[in-house]
Amino acid sequence: MTDNTRSHGASDRPEFLPAGHEAPQEPSHDSWGTRWAPQPGFPQSYFSEAAFTEEAPEPRGPNIALFTALAVVIALVAGGVASWGTFLLTRPASGVDPGYTLTAPSSLPTARPPGSVAGVAAKVLPSVVSLEVKGNSEAGTGSGFVIKGGYVVTNNHVVAVSGQVGNIRVRYNDGTSAAARVVGRDPNSDIAVVKPEGAVRAPELPLGNSDGAVVGDPVIAVGSPLGLTGTVTTGIISSLNRPVEAGGSTGSDYALINAIQTDAAINPGNSGGPLVNTAGQVIGVNSAIATVGGGSLLGQQSGSIGLGFAIPVNQVRRIAQELITTGAARTSRIGITIDQKYQGEGVRIATETEGGAVPVTPGGPAAKAGLRPGDVILEVDGRPVGDSRELVVTIRSKAPGDQVRLRFRHDGEVRTATVTVGAAPAPSAAPS
């Protein structure tokens, strides 16, 4: 033990001698054993012997209260030191304390508000599935979600690798799985529909209205990034109407989508999963991410940098319904060929036939509205179009039969026209 009997210098406190010893004393000058000296400012005669001849002052004893207080303090300090010393002597060498306990967890409610992320996730997760796809030489994973009738919506580029002889397996949130087949797929929109075998016990996920989405709305992305099923991430809608390429990375098997941009973390494997609002309704299908120094395709092995893109559900709804009812989907068009070499304002219609495509399809929607080769389209429904991709994705986001109002320049004169959107010839229904 450390000697703690002298924690201060001798000048800080009185020195106590052990019992049985006396401090040396100077010779006494009076009967009390005390030598007195005059205080400054008083005459020597005041302390003369005559001053004590008539009536000697009553001697003053020691201060009992002071000594009592000191004794109490000493006793407390000594008790504390003794207790600490006892602990140091008796504690186990390993530091283990058999009597040590932590308080039990408090009893708190586990329910979450329906509009919270946890509340929405609990509602949505049972409807989200993971897809395992195998082809002749390729394999991959993706996500999807159950809609009415037990069909599963996903991306075309998720199931395309299965080809004609591959197989698809749908894995549900509860861990069960089932084989599935492709009902129909559309490379132009990057949407596909598959049908699991047997009864689908997962509930359908309600489809919302993507036209009502605004920048800043909170959203939740659900899926299986990198094969991690049941992953939930959250963010906001960062922008709308982004012209983005999605889908496959070979040939013409890619789509131009008029995307919803979000900062919710989306990674490879999230493809085909739902982007939902705080009501648990699907407002988009996660399809692409931007990457630093790379492409924008979700199929590439790259991580999220906060720039994810989803196909608006209003377009998905139309495509999925057509795939289920006919096995193929129509691509919206207005019957023009775009001059890709034009660098000015807006988008110019070609002036010559290119690759067998005429500038304006005779009898097509644009021709009926009065557009001619060389006209420059400036706006669609009051929104400027800066390049050909913006014009393409805007038209493709419309359903055949919808009307759009175009503002265009013809021979230096700005005109407006209403165009009824048409459709390209539907491919033959040959689901893979």
Side-chain angles (χ1 to χ4, degrees), residues 124-136 138-208 222-224 227 229-230 246-248 253 255 269-276 280-282 284-287 298-299 310-311 313-331 426-432:
V124 171
L125 277 169
S127 302
V128 180
V129 302
S130 175
L131 282 80
E132 301 167 358
V133 184
K134 294 181 180 180
N136 287 332
E138 293 182 275
T141 62
S143 306
F145 57 94
V146 178
I147 62 171
K148 179 182 176 182
Y151 293 96
V152 172
V153 172
T154 186
N155 280 140
N156 172 68
H157 73 260
V158 170
V159 301
V161 298
S162 66
Q164 296 288 345
V165 296
N167 61 77
I168 301 172
R169 192 154 198 89
V170 171
R171 192 168 299 279
Y172 299 103
N173 186 251
D174 62 3
T176 61
S177 65
R181 60 179 177 84
V182 175
V183 174
R185 59 189 187 90
D186 179 36
N188 288 325
S189 65
D190 196 27
I191 293 296
V193 176
V194 302
K195 178 72 173 183
E197 295 179 358
V200 176
R201 295 188 300 273
E204 68 176 86
L205 200 54
L207 306 182
V222 187
S224 303
T229 61
D253 189 20
N270 271 118
S271 291
L275 185 72
V276 302
Q281 301 170 331
V282 181
V285 175
N286 301 317
S287 299
L298 242 173
I311 305 170
V313 74
N314 285 4
Q315 183 179 358
V316 174
R317 180 187 281 106
R318 177 181 68 83
I319 299 297
Q321 182 169 306
E322 290 185 1
L323 291 176
I324 293 170
T325 56
T326 68
R330 297 171 296 167
T331 300
S428 59
S432 59

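Rounded to the nearest 0.5 Å, atoms CG (N188) and CD1 (I319) are 8.5 Å apart. Distance check: R330 CZ to S189 OG gives 12.5 Å after rounding to the nearest 0.5 Å. Rounding to the nearest 0.5 Å places CD of Q321 at 10.0 Å from OG1 of T326. Taken to the nearest 0.5 Å, the CD1 atom of I191 stands 12.0 Å off from the CZ atom of R317. A distance of 5.0 Å separates CG in L131 from OG1 in T154, rounded to the nearest 0.5 Å.
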Next item on the list: Could you walk me through whether I311 and N155 pass the side chain to side chain contact (heavy atoms under 4.5 Å, CB included) test, one step at a time?
Entry: CA-CA 10 Å; I311 305 170; N155 280 140; 4.0 Å; yes
Next item on the list: Evaluate side chain to side chain contact (heavy atoms under 4.5 Å, CB included) for V285 paired with F145, printing each intermediate quantity in order.
Entry: CA-CA 9 Å; V285 175; F145 57 94; 3.8 Å; yes
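Under the side chain to side chain contact (heavy atoms under 4.5 Å, CB included) criterion, P206 pairs with Q281, not counting sequence neighbours. Residues satisfying the salt bridge (charged side-chain N to carboxylate O under 4.0 Å, His left out) test with R169, not counting sequence neighbours, are none. Residues meeting the side chain to side chain contact (heavy atoms under 4.5 Å, CB included) test with A139, sequence neighbours left out: K134. In this structure, the side chain to side chain contact (heavy atoms under 4.5 Å, CB included) partners of S143, at least two apart in sequence or on a different chain, are S224. Partners of T176 according to the side-chain hydrogen bond (donor to acceptor under 3.5 Å, both in side chains) rule, which considers only residues two or more places apart in sequence or in another chain, are D174, R201. Residues forming a side chain to side chain contact (heavy atoms under 4.5 Å, CB included) with V161 (at least two apart in sequence, or on another chain): V133, E138. Remark: R318 pairs with E322 by the salt bridge (charged side-chain N to carboxylate O under 4.0 Å, His left out) rule, at least two apart or across chains.
The shortest heavy-atom contact between V153 and A320 is CG2-CB, 4.4 Å. The two residues S162 and V159 come nearest to each other via the heavy atoms OG-O, 2.7 Å. Minimum heavy-atom separation, P126 to A202: O-CB, 3.3 Å. Contact record, V282 with V313: O-CG1, 3.4 Å, taken as the closest heavy-atom pair. Here the closest heavy-atom approach between residue V146 and residue P203 is recorded as CB-O, 3.7 Å. Taking all atoms of both residues into account, the shortest heavy-atom contact from G223 to V128 is CA-CG1, 4.3 Å.
More than 12 heavy atoms of other shown residues, nucleotides or ligands fall within 6.0 angstrom of atom CD in E204.
Just one residue in the list I324, V316, V152 forms a side chain to side chain contact (heavy atoms under 4.5 Å, CB included) with I147, and that residue is I324.
N286 contributes a side-chain N or O that, together with a main-chain N or O of P274, makes up a donor-acceptor pair within less than 3.5 Å. In terms of modelled atom types and a separation under 3.5 Å, the side chain of N156 and the main chain of D190 share no donor-acceptor contact.
Residues V200 and Y172 form a side-chain contact, since some pair of their non-hydrogen atoms from C-beta on lies under 4.5 Å apart.
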